[in-house]
Structures are given as C-alpha cells and as structure tokens.
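Counting starts at 1 for both ligands and their atoms, following the listed order.
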Amino acid sequence: MQNVDYDLVIIGGGPAGMTAGLYAARARLNVILIERMSPGGQVLVTDWIENYPGFPEGLSGADLAMKMSEQAQRFGLEIEYDEVQSLDLKTDVKTVRLSGKTITTHAIILATGASPRKLGVPGEDMLIGRGISFCGTCDGPFYKDKIVAAVGGGDTAVQESVFLTKFAKKVILIHRRDELRATRILQERAFENDKIEILWDSIVTSVSGGLMNLDTVNVENVKTGETQKLGVDGCFIWVGIKPNAGFLDDAIKLDDYGFVITDQNMETSVPGVFAAGDGRMTPLRQIATAVGDGSIAAFKAEHYIENVNK
Ligand code: NAP
C-alpha cells in the first residue's frame, strides 16, 4: 500500500460535497474538502428554499449552506479554501494540484456543481455587473422601484422573478416558448403576480446601454419576427447551467454537455473517482438529489478505499 496525504479528497463545498464530507468524516476517513469560495455552492445565491424536507417554513440558502458546513465540521471534516488546477488520475495514487501545493489521495469525489450559462448575445459581456446579473439574491435589492427583464423559463428564472418583485416595480420575463419549464407551483406564483409580465415566444437578440449601465434589451418574437426595444434598468439571465468541469480535461468521461457520467454508485469512468450533485449527468438537479448523491458517493468511496488498503 502506498502512502497518501488523504484517503479521500472531496472537491466542491455545495450540498453534494458537504454531505459527502459529513458521511466520510463520520466513517472516520482521512478526508479533506477543497472549496474555491464559500461553502454552499449555488445554494448560497438562492434566496429562499422551501422544497428541502425538514424545514416546513423554508429557510434561506445562506442559512442552509451554513448549517450543512457546521454539521460536517462538527464531525471533523477538514475544509481548505483553494482552487483545484488539475488532476492526475493515471495511477492508483491520484494527485490533486491546488494553486499552492499538490496532494495525493486514494479516492476523489467531484462535487464541483455548475454555473449559470450566458446568453451569448452582443453587449452581454460588456454589461455584466453593470446591469446584467445572474443572481437575484445578490443584485435584486439594487432595483427598488425599477423595471427589470429576466430571461428564461425554468425553475430559476421563475422563482427568482417572483423574488425580484419584492424590489422591482415590474419584471418582464422573456421566454423563448409559449409554455414555462418551471415546476407548476412556481408558475402559479408568477401568473398570480401583478408585477410580472411574460413575453412569450421571445428571445433576446442583444443588450445595450451606456458605459456604466444597461438600458435596453432588444427582443424578437420567434413566431412573428416582430422586434422591440425594452427600456429596462437591469437584466437577469437564467437560461440554465453549465458544469464546472474545466479542470478535468479528458481524464473522465463526460456527456455531450460536459456533465460527468457516473453509474448508480456515483462512480465515474475512472476507478476511485466519484461524482455527485449538479455537475453529474442526472435527470433532476435539486438540493435533495445532491444530498443523496453525496451520501452514496462517500459510502462507495469508503468501500473503494478499504479495498485499496487491503
Ligand atoms: P433549466 O431548467 O435548464 O431551464 C433553463 C431555461 O432557460 C429553460 O426555460 C430554457 O428554455 C431557457 N433557455 C435555455 N437556453 C436559452 C437561450 N439561449 N435563450 C433563451 N432561453 C434559454 O435551468 P434552471 O432554471 O437554471 O435550473 C437548473 C436546475 O436547477 C434544474 O434542474 C432546476 O429544476 C433546478 N432548480 C430547482 C429549483 C427549485 O426546486 N426551486 C430552483 C432553481 C433551480 P426551454 O424551456 O425552451 O428549454
């Protein structure tokens, strides 16, 4: 048996990584979790969570993130704040390169999650942080009594549009089809909300503004070809997510969209490397599913490590 720095390295501190860390710490593995920012992942930028069981009144994303991190650390999980640069998975002893050092391990759990996708339209890059935002919780309060656009039709766009109405006097939700993708209860809240106007069958073709701020969102109706200039103070983009898998290179099998392919044991194409949460190819991306993934990944990693050490 070769010496390693850790039995298990967990990469990512969202719900999947924190749960894996909790289970691994309780299994008394020599485990470290690497997180590049603050624990919580996308949960941190979620205003209110009401579909995670056990919290009948709901709770804020920041609160849940903090509770998960506290719980895992209570059982001894070590957390290090650094960004993984690359992995070497060619041998049984795997190497994780951080910005300042390299660590070796028998097993890895990838829980690096996903990030918001951009629209890819002219003007977007220039105006990010100057009117274009991907985070309602962070930037919503800047739009008190203003008019904002929101783009997308999924859970994020609809839930966050409702949240924005706490501040904005009007939210124009721009969706490319004539039906929302979001879960029904979220749709009902949007339809009932007088401050939300939905622009159906419409896509954003470009955004523009001055040096310091966005002021116009140009949209086109995909059925009629009609175009219009929306005068708005901000534009929130919620058109899905992309996996945070850039550092993986070709080491692991990914699906066509870059999500890590696993089996039901969360094991990837490389023995001893597991994946959990939003960065994995999965039919449902929720906190509840990430937590389930994380616990299975830790359980299976524990078995893998036991066998390696025999
Ligand atoms: P999503 O479910 O993939 O929805 C993306 C939305 O953006 C879709 O409505 C899609 O339109 C639209 N879209 C995609 N590309 C576009 C483009 N280029 N231009 C215009 N519109 C575009 O993404 P999400 O809402 O970010 O959610 C991600 C995951 O997190 C999902 O699994 C979701 O269920 C989960 N989530 C859950 C909750 C909750 O449970 N409360 C909250 C937030 C997120 P089409 O519908 O036409 O494809």
Side-chain angles (χ1 to χ4, degrees), residues 14-16 40-55 57-62 64-65 111-125 132-138 140 149-164 171-191 196 198-207 217-223 227 230 235-244 255-259 276-293:
Q42 292 192 98
V43 166
L44 261 191
V45 295
T46 305
D47 168 53
W48 198 249
I49 292 159
E50 53 184 25
N51 57 356
Y52 186 60
F55 299 92
E57 308 303 328
L59 80 171
S60 74
L64 181 61
T112 43
S115 304
R117 280 177 47 207
K118 293 198 281 186
L119 273 176
V121 297
E124 183 182 27
D125 283 340
I132 295 273
S133 170
F134 301 87
C135 177
T137 312
C138 322
V151 190
D155 284 340
T156 308
V158 176
Q159 176 170 324
E160 296 296 297
S161 290
V162 172
F163 172 68
L164 287 179
V171 177
I172 305 170
L173 179 59
I174 304 164
H175 183 41
R176 63 183 178 183
R177 290 188 292 132
D178 59 3
E179 197 184 1
L180 296 172
R181 178 181 292 278
T183 193
R184 292 281 171 193
I185 188 165
L186 296 178
Q187 293 195 26
E188 285 162 19
R189 286 181 194 162
F191 295 149
I196 296 181
I198 305 183
L199 267 192
W200 298 105
D201 299 316
S202 297
I203 54 165
V204 173
T205 52
S206 66
V207 290
V217 172
N218 294 298
V219 295
E220 180 183 329
N221 184 300
V222 289
K223 288 192 174 152
T227 60
L230 303 176
C235 178
F236 288 80
I237 297 172
W238 290 304
V239 293
I241 52 173
K242 59 178 175 27
N244 298 325
D255 73 4
D256 293 345
Y257 305 97
F259 291 95
D278 281 4
R280 182 175 88 82
M281 186 180 134
T282 171
L284 187 63
R285 293 190 170 87
Q286 300 281 305
I287 301 167
T289 53
V291 162
D293 283 6

Student: Among all protein non-hydrogen atoms, which one is nearest to atom 9 (O) of ligand 1, and what is the separation to 0.1 Å?
Tutor: Gly153 N, 3.0 Å

Student: Considering non-hydrogen atoms only, spot the tightest contact between Phe236 and Gly136 and give its length.
Tutor: CE2-CA, 3.8 Å

Student: Nearest heavy atom to atom 25 (O) of ligand 1: which of Thr156, Ile241, Leu180, Asn51 does it belong to?
Tutor: Thr156

Student: Which pair of non-hydrogen atoms, one from Ala65 and one from Leu44, has the smallest distance, and what is that distance?
Tutor: CB-CD2, 4.0 Å

Student: I need the nearest protein heavy-atom contact for atom 48 (O) of ligand 1: residue, atom name and distance, please.
Tutor: Arg181 NH2, 2.6 Å

Student: At a 4.0 Å threshold, what atoms of ligand 1 neighbour a non-hydrogen atom of Gln159?
Tutor: 39 (C), 41 (N), 42 (C)

Student: Measuring from atom CG of Asp255 to atom CE of Met281, what distance do you get when rounded to the nearest 0.5 angstrom?
Tutor: 5.5 Å

Student: Would you name the heavy atoms of Asp155 and Thr183 that are closest together and state the gap between them?
Tutor: OD1-N, 2.8 Å

Student: Just wondering, more than 12 heavy atoms not from Phe191 lying within 6.0 Å of its CZ?
Tutor: yes

Student: Quick one: closest heavy-atom pair of Asp278 and Gln286, and the distance?
Tutor: OD1-N, 4.3 Å

Student: Below 4.0 angstrom from a heavy atom of Trp238, which ligand 1 atoms are there? Numbered from 1 as shown, please.
Tutor: 7 (O)

Student: Counting only heavy atoms closer than 4.0 Å, does ligand 1 sit against the backbone of Arg177, its side chain, both, or neither?
Tutor: side chain

Student: Which ligand 1 atoms, with their elements, are less than 4.0 angstrom from a heavy-atom of Gly240?
Tutor: 3 (O), 5 (C), 23 (O), 26 (O)

Student: Given Pro15, which of Asp293, Ile287, Thr289 fulfils the side-chain contact (heavy atoms from CB on, under 4.5 Å) condition?
Tutor: Ile287

Student: Which one of Ala290, Gly154, Pro283, Ala114 has a non-hydrogen atom at the shortest distance from atom 6 (C) of ligand 1?
Tutor: Gly154

Student: Return the residue, atom name and 0.1 Å-rounded distance of the protein heavy atom closest to atom 38 (C) of ligand 1.
Tutor: Asp155 CB, 3.5 Å

Student: Among all protein heavy atoms, pick out the one at the shortest distance from atom 18 (N) of ligand 1; state its residue, atom name and that distance to 0.1 Å.
Tutor: Arg176 NH1, 4.1 Å

Student: Which of these, Val222, Leu180, Ile174, Asn221, sits in a side-chain contact (heavy atoms from CB on, under 4.5 Å) with Trp200?
Tutor: Leu180

Student: Yes or no: does His175 have any heavy atom under 4.0 Å from an atom of ligand 1?
Tutor: yes

Student: Can you tell me which portion of Leu119 lies within the under-4.0 Å heavy-atom range of ligand 1? Options are side chain, backbone, both, or neither.
Tutor: side chain

